Every structure is written in structure tokens, then in C-alpha cells.
Amino acid sequence: MSNGYEEHMGGDEGKDSKTNLIVNYLPQSMSQDELRSLFSSIGEVESAKLIRDKVAGHSLGYGFVNYLNPSDADRAISTLNGLRLQSKTIKVSYARPSSDTIKDANLYISGLPKAMTQKDVEDMFSRFGHIINSRVLVDQATGTTGASRGVAFIRFDKRAEAEEAVKTLNGQKPPGAAEPITVKFAANPNQVKNTQIISQLYHNQSRRFGGPVHHQAQRFRFSPMGVDHMSGVGNVNVPGNSNSGWCIFIYNLGQDADESILWQMFGPFGAVTNVKVIRDFNTNKCKGFGFVTMSNYEEAAMAIASLNGYRLGDKMLQVSFKTSKGHK
């Protein structure tokens, strides 16, 4: 299985993949200097970077170490991978180089017959190449049954395989389907061209964004905790960690934001189990915030690190874990 975040953060462009390592499962308290000194014990480190939450500043539990010599990187993997630090067992491996052959191999499929299972979807796509991971989105609102939303993500090993699948299956009707399906590349928020795609979804709205400044200021005073009693928030209102996953709070969305934009933005990072845009009861316009629930902590942390401060339309998003305590 590929980790979603390696896809996005794997090594800086141009760095030799044979010297650049990704280190996962670091203890929360470990600093960047400690990371550097641990790896310097093997050989000369060119750079060490601990990845932190942009807003709160806490460690996200992983980092990158780049050695001058490939032989030191190789030795660091054999020496330090599996090392126990405090209560954690760290994982040291080569960061996937950000190469064009593996980039953007994640597909977004919609319009699938509701009866199609994850296995059915994989069977339909497996002839195009090696599938690294796949998932069919289910609607949490339907209770335990989790009815399929007719939407899936499939990540291929190589971009070319994904392109082939798009060419062959987009607009086709799978057996038993009444409607043709849509197969397209999932938005990867880190790339400019996709920023343009997302902006296009918004371009008709952006003309309406130029409201007076005092409106903006008022919106910024909004506290997410004020929504706890609001109707319509339903089961998304979970503190940070719960059985249903990790709840992420997104603030400063445009009035016309809808659920699909949240699926598109967060889907590429990992398994999204639920999204919710909070709307004004009378106008049905987005009130400027929403929630996304992701089942895996590291994928959620990676999505937050990548999307906090992301510009959507002409607004800068604020993305953070929803806390049970008051929002700072």
C-alpha cells in the first residue's frame, strides 16, 4: 500500500531518491534537531526536516532526511528502520521520488451503480495496471448499511495506467448500469493545474466574493464550537478522535461551496468517510465552514498540512483538527 502522503511529500524535486529518506512514526516530542542528530550518527546529513502542523506547530510524526551519500542512506535504513524510540517503532524508507511516472495516478470515479462493491470496481480497473489502493465511498448517513455513494477512488502504480483507464472507461456503461460513469483524475491540491480546476469550479462565484471588509472580519470571529447545537450538523460533530474517525474542520469556504468540493480536495489524501458543508437554514448558502471525517490519522494530518492556507477561489482556507475544546 502506498501512503497517501508519500505521494505528495516524497522528496523534494531534483533530490536523488537514493539519498532521500522518509521517516515515519516519530515520537511526538522529538525535535528536528534530534531527528538530525540521530541520522547524523550514520553519516553526513545534507538536510533533515520534521513536518509540523502549520497552525498549531505540533509534530505530525514524520520527516525527511537527505544524506550526501547514497551508501549512508542505505545504511540508515538497515540500522535505524524498526528502532524503538520512546513508545514508537520508527519506519525508515526511501522517499518516493516525485517522478512523473507515479505522480497523479489517482482516479476519481463517479456514477457507479450503487450495488457495485470495492471488488467489482477493482475487477473493472485491474486490466489497466497495478492498483495500489482503491475505495468506494459509502454514505455514513444511511446508518450501518453504508450505502455506496456511487463514487470511488483508485490509485494506480503508474500515471500511464491511470491514463489508459480514463481513455477506455470514461463515459462507458458498466454491466447493469443505467448511466455512463465518469472516470477522471482526482484533484491533487498540491499542483497548480489542479488549483486551476478547483478555481474554475468557483470562477462563477468569485465575482460575488468582493463583499465589504467588515463582513469578512465578522466571519473570522466565528467559533466552530457554536455549531454544536445547530440542527443539520448531525453525526459529524465528533471531537478530534472518535470511533468514526478524525474530524477535520474547514473554515472560510465560499458561499457556494458544496460537498463535492470537499470530496475532491480531501479524497486524494486518503479514506474520507463523511463530508458536511454547514448551510444557512434560510438561504441554503454555505455559512463558510464544513467538516470532513477521515478514518486514518496520518492521512488526515497530511491533508491538514497540505490544505491549511490553501487558496480556494479568493479565500484562504483554515483547516485543522476539530477539537472538543474551544477553538482558539
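These figures come from a predicted structure and were not determined experimentally.
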*State, with a plain yes or no, whether a side-chain heavy atom of V151 is found less than 4.5 Å away from one of W263.*
no
*Mind running side chain to side chain donor-acceptor pair (under 3.5 Å) on Q86 and S29 for me, showing each step along the way?*
CA-CA 9 Å; Q86 293 165 36; S29 59; 3.2 Å; yes
*Is I181 close to M124 at the side-chain level, that is, under 4.5 Å between some pair of heavy atoms?*
yes
_What I'd like to find out is whether the side chain of D74 reaches to under 4.5 Å of the side chain of Y67, using heavy atoms alone._
no
*Residues which pass salt bridge (Lys or Arg N to Asp or Glu O under 4.0 Å) with K119, listed by chain and number, not counting sequence neighbours*: D123
*Is there a side-chain contact between M265 and I250, using heavy atoms and a 4.5 Å cut-off?*
no
*In terms of hydrophobic clusters joined by side-chain contacts under 4.5 Å, are L21 and L83 together?*
yes
*Check each of N308, L312, L307 against L317 using the side-chain contact (heavy atoms from CB on, under 4.5 Å) test, and report the only one that passes.*
L312
*What do you reckon, is CD of E179 surrounded by more than 12 foreign heavy atoms closer than 6.0 Å?*
no
*Would you mind reporting whether F291 and L262 have side-chain heavy atoms less than 4.5 Å apart?*
no
*Donor-acceptor under 3.5 Å (T293 side chain, T273 main chain)*: no
*Assign the ring pair F128 / F156 to parallel, tilted or perpendicular, where the plane angle (0 to 90°) is split at 30° and 60°.*
perpendicular
*Any donor-acceptor pair under 3.5 Å from Q28 side chain to S59 backbone*: yes
*Looking only at heavy atoms, which two atoms of G82 and T89 are closest? And how far apart?*
O-CG2, 3.4 Å
_Validation row: T19, L68 side chains within 4.5 angstrom (heavy atoms)_ = no
_Presence of salt bridge, E163 and R159, under 4.0 angstrom_ = yes
*Report the residue from V23, V92, D72 that forms a side-chain contact (heavy atoms from CB on, under 4.5 Å) with I77.*
V92
*Hey, are R36 and D33 close enough for a salt bridge, meaning a charged N less than 4.0 Å from a carboxylate O?*
no
*Salt-bridge criterion met for E259 and R279 (N-O under 4.0 Å)*: yes
*Y108 ring center within less than 6.0 Å of F185 ring center*: no
*Please confirm whether the backbone N or O of N252 pairs with a side-chain atom of Q318, one donor and one acceptor, at under 3.5 Å?*
no
*Could you give the distance from OH (Y297) to CD1 (I304), rounded to the nearest 0.5 Å?*
7.5 Å
*asked:* Using the rule given for side chain to side chain donor-acceptor pair (under 3.5 Å), can you reason through S71 versus N69, listing the C-alpha separation, both sets of side-chain angles and the distance that settles it, and then say yes or no?
replied: CA-CA 5 Å; S71 58; N69 298 314; 5.2 Å; no
